[in-house]
Amino acid sequence: MDNITKSSLFNAVKDLIQASRQYIAVSVNAEMSLLYWKIGTVIRQEILKQERAEYGKQIVATLSRQLEGEYGTSFSEKHLRRMTQFAELFPDEQIVVSLIRQLSWSHIKEVLPIQELVKREFYIQMCIHEKWSVRTFRERIQSMLYERTAISKKPEDVIINDLKLLRSEQKLNPDLVFKDPYFLDFLGLKDAYSEKDLEASIIVELQRFIIEMGTDFAFMARQKRITIDHRDYFIDLLFYHRRLKCLVVVDLKMGEFEAGFKGQMELYLRFLEKYEMMEGENDPIGLILCSGKSSEHIELMQLSNSNIRVADYLTALPSQQILQEKLHKAVEIARQKMEQRDFSNAKRVCQSD
């Protein structure tokens with residue numbers, strides 16, 4: 001047997017072993033997660049029978065001591081409480097069976113503290129969709145990805161519907177992709193820097209920038225030159241989003257958003273539509289990154305109609321508390337404005353009738 005044949009045979013057998021090991025690992029993990037859910041369900045049913053919180057604490061502590069003596073620390077009081085919480089948050093066994101086929105127990109533990117149903121479902125579906133590791137999953141939750149994603153500012157029924165489409169049809173709404181603000185603290189930029197410094201730092205830290213943008217972004221060009229009527233223009237950064245199937249223009253700005261930025265971005269997008277779009281692709285999307293923005297400017301200019309998004313970027317992160325307050329306030333204001341707009345539209349329809 002020659003060396004080439006030996007090598008191909010070895011690789012074929014190696015692939016079979018790896019695939020089998022992966023299948024066994026997934027199967028074992030799914031079976032373990034289902035066991036934890038069943039244990040949690042039994043404990044919960046026993047506690048609910050008694051209808052006493054003190055009894056619940058007592059029974060978990062007693063059971064833990066018994067199980068630890070027999071089966072080890074996997075059944076500590078803390079772990080049993082997680083199992084009970086798992087059963088409480090996911091009472092439907094059919095949903096649990098589907099979930100444990102796609103996420104490990106380590107992933108599931110990360111979403112248990114999240115009380116909001118819609119927020120928890122967002123993280124679950126995005127983790128499945130983007131295949132996050134446990135570490136990345138934890139980082140996404142800690143960075144308040146949900147509150148930073150455009151979808152969080154929509155009405156709850158819209159969010160639920162978009163997550164359902166992602167789960168059942170793998171249909172990805174751009175509102176699940178684009179964020180505000182973007183965290184660029186890893187660039188290491190100090191107080192005084194230029195747009196060129198910002199762009200150069202992004203290129204140096206391109207991998208981390210793409211992680212912050214999202215796993216489906218692919219870098220295509222920096223300072224891409226386009227020529228219109230014998231005049232040259234330069235696109236700061238050009239990406240392609242695999243699942244949205246479209247080009248994404250990123251325009252970097254130092255100061256606050258200005259009205260003129262819209263015309264510049266529209267020029268880039270129309271050029272790409274005419275000369276760069278390929279068959280089967282969707283219209284390009286523009287993302288203007290600023291160090292500040294006026295929500296009224298953006299609302300009045302109806303940027304979404306032009307497929308343009310505007311977001312802040314932060315090169316230094318505030319404290320977690322300040323960030324939470326800021327993002328929650330932004331979500332609340334956006335939802336109130338949307339409700340007011342819906343009310344005004346409904347009122348206008350009634351008056352016309």
Side-chain angles (χ1 to χ4, degrees), residues 144-159 161-162 173-184 195 198 213-214 226 228 233-239 241 244 246-274 282-315 318 322-323 325-353:
M144 301 183 70
L145 177 65
Y146 173 71
E147 286 82 358
R148 292 192 292 131
T149 306
I151 197 75
S152 68
K153 299 168 181 68
K154 297 293 179 69
E156 194 169 289
D157 56 338
V158 174
I159 303 173
N161 185 61
D162 283 342
N173 187 316
D175 285 342
L176 289 165
V177 174
F178 292 94
K179 312 179 186 77
D180 183 21
Y182 285 87
F183 292 163
L184 306 184
E195 284 180 16
L198 178 60
M213 291 286 285
I226 60 175
I228 303 168
Y233 298 87
F234 295 89
I235 295 174
D236 287 342
L237 299 169
L238 184 63
F239 291 86
H241 195 281
L244 293 178
C246 70
L247 293 165
V248 178
V249 175
V250 177
D251 204 11
L252 305 171
K253 301 297 182 185
M254 285 297 301
E256 290 199 355
F257 174 80
E258 296 177 14
F261 296 167
K262 179 188 178 186
Q264 184 182 20
M265 179 60 82
E266 281 182 327
L267 185 68
Y268 295 162
L269 296 181
R270 300 298 85 79
F271 179 90
L272 293 174
E273 275 179 27
K274 186 172 182 180
N282 294 313
D283 290 344
I285 295 174
L287 173 62
I288 302 171
L289 288 181
C290 307
S291 55
K293 66 180 191 296
S294 162
S295 56
E296 191 172 7
H297 260 83
I298 291 163
E299 185 182 353
L300 289 171
M301 296 184 76
Q302 300 182 339
L303 295 173
S304 58
N305 294 342
S306 304
N307 236 13
I308 298 172
R309 294 167 183 267
V310 180
D312 288 335
Y313 62 83
L314 302 178
T315 55
I322 292 172
L323 186 61
E325 289 171 1
K326 182 179 177 182
L327 291 176
H328 286 145
K329 186 178 179 182
V331 169
E332 200 56 43
I333 290 170
R335 285 183 176 172
Q336 285 174 3
K337 283 185 177 179
M338 201 163 288
E339 286 171 7
Q340 288 170 0
R341 198 181 306 129
D342 290 344
F343 176 76
S344 299
N345 290 339
K347 189 176 179 182
R348 215 175 289 122
V349 170
C350 289
Q351 288 173 345
S352 64
D353 289 344

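The model shown is predicted, which means the values in this text are computed figures rather than measured ones.
A donor-acceptor pair is defined here as one N or O able to donate and one able to accept, closer than 3.5 Å; no such pair exists between the side chain of K179 and the backbone of A150. In this structure, Y313 contributes its side chain and K253 its backbone to a donor-acceptor pair below 3.5 Å. Remark: side-chain polar atoms of S291 are paired, donor with acceptor, to backbone N or O of G255 under 3.5 angstrom.
Annotation: side chain of F183 is not in contact with side chain of L145 (no heavy-atom distance under 4.5 Å). Counting only heavy atoms from C-beta outward, the side chains of E195 and D251 never approach each other to under 4.5 Å. Contact annotation: the side chain of V177 approaches that of L244 to within less than 4.5 Å [non-hydrogen atoms, C-beta and beyond]. The side-chain heavy atoms of V250 and D236, taken from C-beta on, include no pair separated by under 4.5 Å. Between R309 and P174, the closest side-chain pair of non-hydrogen atoms falls below 4.5 Å. Considering only heavy atoms from C-beta on, P284 stays 4.5 Å or farther from N307 through its side chain. Here the side chains of L314 and L184 are not in contact, with every heavy-atom distance at 4.5 Å or above. Looking only at side-chain heavy atoms (C-beta outward), L238 and V248 stay at 4.5 Å or farther from each other.
N173 and D162 form a side-chain donor-acceptor contact under 3.5 Å, judged by distance and modelled atom types alone. Neither side chain, E147 nor S152, offers a donor N or O lying under 3.5 Å from an acceptor on the other.
Among all heavy-atom pairs drawn from Y182 and M213, the shortest one is CE2-SD, 3.6 Å. Of all heavy-atom pairs spanning L289 and D312, the tightest one is CD2-O, 4.4 Å.
Between D283 and R270 no salt bridge is recorded (no basic side-chain N to carboxylate O distance below 4.0 Å).
Expressed to the nearest 0.5 Å, how far CD of E266 lies from CZ of F261 amounts to 14.0 Å. To the nearest 0.5 angstrom, I151 atom CD1 is 4.5 Å from L176 atom CG. Between the CG atom in L252 and the CD1 atom in I288 there is a gap of 11.0 Å [rounded to 0.5 Å]. In this structure, E258 CD and E256 CD are separated by 9.0 Å, a value rounded to the nearest 0.5 Å. Rounded to the nearest 0.5 Å, atoms NZ (K262) and CG (L267) are 13.5 Å apart. In this structure, CG on L247 lies 12.0 Å from CZ on F239, to the nearest 0.5 angstrom.
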* I would like to know whether L269 and V249 meet side-chain contact (heavy atoms from CB on, under 4.5 Å); could you show each step before the answer? => CA-CA 8 Å; L269 296 181; V249 175; 4.0 Å; yes

* Passes side-chain contact (heavy atoms from CB on, under 4.5 Å), I228 versus Y268? Steps please. -> CA-CA 10 Å; I228 303 168; Y268 295 162; over 6 Å; no

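Looking at L303, I285, L287 one by one, the single match for side-chain contact (heavy atoms from CB on, under 4.5 Å) with I308 turns out to be L303.
Both the sub-6.0 Å distance and the 45° axial angle are not jointly satisfied by R148 relative to the ring of F178.
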